[in-house]
Enquirer: 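Below is one structure. I have some questions about it.
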Number of protein chains: 2
Amino acid sequence: MNIGEVARRAGLPPKTIRYYEEIGLICPDRRDNGYRDFAETHLHKLAFIGRARALGFTIDECRTLLALYEDEGRESAEVKQLAQDHLARIDAKIAELQDMRATLAHLVRACAGDERPDCPILAGLAHTALSQG
Amino acid sequence: MNIGEVARRAGLPPKTIRYYEEIGLICPDRRDNGYRDFAETHLHKLAFIGRARALGFTIDECRTLLALYEDEGRESAEVKQLAQDHLARIDAKIAELQDMRATLAHLVRACAGDERPDCPILAGLAHTALSQG
DNA sequence: TATAGGGCTTCCAGTCACGGGAAGGTCAAG
DNA sequence: CTTGACCTTCCCGTGACTGGAAGCCCTATA
């Protein structure tokens, strides 16, 4: 299977697949003409990685997840721990964004948004409690 | 004022302040010995930028916000538009993370997390609907 | 047989917003 | 005179790709 087909079927850009090979996530065969030759197993791995990436796992975590996936003797506890850590990271990020959102929405609500220069948004950004001396 | 003091008072690392100079956000004077010499105006600008960055605005948006801040003839509508666009981006990001969170939490709940290898998380990642042909 | 196109290859550079660290100059205190 | 904190520039690395150039390969058509 050429890279174009595997890209289409896995839902990843060819560039990304080459990158995954470069960093050692997959290792497709090569044909005599130098073209990469992907097997179904590669396709499955790539789809697996694509899903994990879509859930926000880092590349390194994907590497670990792939290794666990291929390790018949794994303990599901290890996978679950990884997923829970990531879940905590997602929650922290959501909380951070919600804080930003609240502050920004507050400023936006206070701003008339007309032709006059008075602007609580700019005032809010400027009104800093600077440390002294 | 040396970079260390302005860094402390603005709450930004010296490295970041040098970077902001490099990309033209600020332009402090120089002393004979080559040291940067920051005025209060620089401090205020840096604090302004720091706040805008903390709200998630990009550097380019900070540049625009600074320009608007210094433009006495601005219209608050322009600031508000910028802020609303950013707010929409934040909302989109929150929604994306919440989607991730829901999927991941579902998988985590289904996983026993014990010494056995059976793992719905890995199964969920592997169970891809691959395109055919 | 020539050619046109699409797909494949590698390599290099850029993204965003810094952070780490090296090599070296400057300054105040003891 | 030395110590140590501070300052300078310069270069590389981050994460996960993305864009683009230069050039080879393969197939179909005129």
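Proteins get letters first, then strands, A, B, ... in listed order; numbering begins at 1 in each.
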Enquirer: Would you mind listing every side-chain hydrogen bond (donor to acceptor under 3.5 Å, both in side chains) that reaches into residues 65-75 of chain B, with sequence neighbours excluded?
Expert: B:Lys45-B:Glu70
Enquirer: Not counting sequence neighbours, list each pair that qualifies as a ring-ring contact (aromatic ring centres under 6.0 Å, His included) and has a residue in residues 82-125 of chain A.
Expert: A:Phe57-A:His86
Enquirer: Are the side chain of A:Asp37 and the backbone of A:Met1 linked by a donor-acceptor contact shorter than 3.5 Å?
Expert: yes
Enquirer: Under 4.0 Å, heavy atom to any atom of DNA chain C: which of residues 53-69 of chain B qualify?
Expert: B:Arg53, B:Thr58, B:Ile59
Enquirer: Check side-chain contact (heavy atoms from CB on, under 4.5 Å) between B:Asp114 and all other residues, then give those that pass, not counting sequence neighbours.
Expert: A:Ser76, B:Ala112, B:Arg116
Enquirer: So, the side chain of A:Arg31 versus the backbone of A:Tyr35: is there a donor-acceptor pair under 3.5 Å, distance only?
Expert: no
Enquirer: Taking any heavy-atom pair under 4.0 Å as a contact, classify A:Pro14: base, sugar-phosphate, or nothing.
Expert: nothing
Enquirer: Quick check on DNA chain D: between A:Thr16 and B:Phe38, whose nearest nucleotide comes earlier from the 5' end?
Expert: B:Phe38
Enquirer: Earliest and latest nucleotide of DNA chain D, 5' to 3', sitting under 4.0 Å from a non-hydrogen atom of chain B?
Expert: D:dC6 to D:dC10
Enquirer: What is the distance, rounded to the nearest whole Å, between atom CZ of A:Arg31 and atom C1' of C:dC8?
Expert: 10 Å
Enquirer: Establish, from distance only, whether the side-chain atoms of A:Asn2 and A:Arg8 form a donor-acceptor pair under 3.5 Å.
Expert: no
Enquirer: With A:Arg53, which residues qualify under side-chain hydrogen bond (donor to acceptor under 3.5 Å, both in side chains), at least two apart?
Expert: none
Enquirer: Angle between the end axes of the helix from C:dT1-D:dA30 to C:dG30-D:dC1, five pairs per end, to the nearest 10 degrees?
Expert: 30°
Enquirer: Could you give the CD1-to-C1' distance, from B:Ile49 to C:dA17, as a whole number of Å?
Expert: 13 Å
Enquirer: So, does A:Arg101 use its side chain to make a donor-acceptor pair with the main chain of B:Asp91 at under 3.5 Å?
Expert: no
Enquirer: Measure the distance from CZ on B:Arg89 to C1' on C:dC16 and round it to the nearest whole Å.
Expert: 12 Å
Enquirer: Going by the rule side-chain contact (heavy atoms from CB on, under 4.5 Å), which residues pair with A:Lys15 if we only count those two or more places apart in sequence or in a different chain?
Expert: A:Arg18
Enquirer: For a 4.5 angstrom cut-off between non-hydrogen side-chain atoms, does A:Arg109 reach A:Leu104?
Expert: no
Enquirer: Not counting sequence neighbours, which residues clear side-chain contact (heavy atoms from CB on, under 4.5 Å) with A:Ala95? List them please.
Expert: none
Enquirer: In chain order, what residues pass the side-chain hydrogen bond (donor to acceptor under 3.5 Å, both in side chains) check against B:Arg36, with sequence neighbours excluded?
Expert: B:Glu21
Enquirer: Is it true that, when you exclude A:Glu61 itself, more than 12 heavy atoms of the residues, nucleotides or ligands shown sit nearer than 6.0 Å to its CD?
Expert: yes
Enquirer: Looking at B:Gln84, I want to see if its CD is surrounded by more than 12 non-hydrogen atoms of other residues, nucleotides or ligands under 6.0 Å.
Expert: yes
Enquirer: Check each residue of residues 17-25 of chain A for a non-hydrogen atom within less than 4.0 Å of any atom in DNA chain D, then write out the ones that pass by number, or none.
Expert: A:Tyr19, A:Tyr20
Enquirer: Minimum heavy-atom separation for A:Pro14 to A:Ile3, with atom names?
Expert: O-CD1, 3.6 Å
Enquirer: With the sugar-phosphate defined as primed atoms, P, OP1 and OP2, and the base as all remaining atoms, what B/S/- string results for nucleotides 20-30 of chain C, 5' to 3', for protein heavy atoms under 4.0 Å?
Expert: BB---BBS---
